[in-house]
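Single-structure report; data block below.
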Amino acid sequence: MSVENHRQNISELKEGMALAEYNMLREKAMRNETLIQSDGQGGTVEVSARDLFEKLYGEPAPTF
């Protein structure tokens, strides 16, 4: 596998992961669910999927 093929595969993988995260977060926001995230200090924090979706993507949270 050439270096260019390797870079392309990594790029496609990153795009796929970003799309999967967007879809998961959108679905959870629609259901008004929460997510568990790292607090950066070794602990966890519960956050609203709706708030996080709006913050990350600048879109209104979807509804049914």
Going by side-chain heavy atoms closer than 4.5 Å, which hydrophobic residues are tied to [X], directly or by a chain of links?
X: Ile36; answer: none
X: Leu13; answer: Met17
X: Leu52; answer: Tyr22, Met24, Leu25, Leu35, Val45, Val47, Phe53, Leu56, Tyr57
X: Ile10; answer: none

Nearest heavy atoms of Ala29 and Ala49, plus distance in Å: N-CB, 3.7 Å
Which residues share a side-chain contact (heavy atoms from CB on, under 4.5 Å) with Asn23, sequence neighbours left out: Leu19
Any pair counted as salt bridge (Lys or Arg N to Asp or Glu O under 4.0 Å), so long as it reaches residues 33-58, sequence neighbours left out: Lys28-Glu33
Contact list for residues 12-23, test salt bridge (Lys or Arg N to Asp or Glu O under 4.0 Å), sequence neighbours left out: none
Under the side chain to side chain donor-acceptor pair (under 3.5 Å) test, residues paired with Glu27 that sit two or more places apart: Arg31
Contacts of Arg26 that satisfy salt bridge (charged side-chain N to carboxylate O under 4.0 Å, His left out) - sequence neighbours left out: none
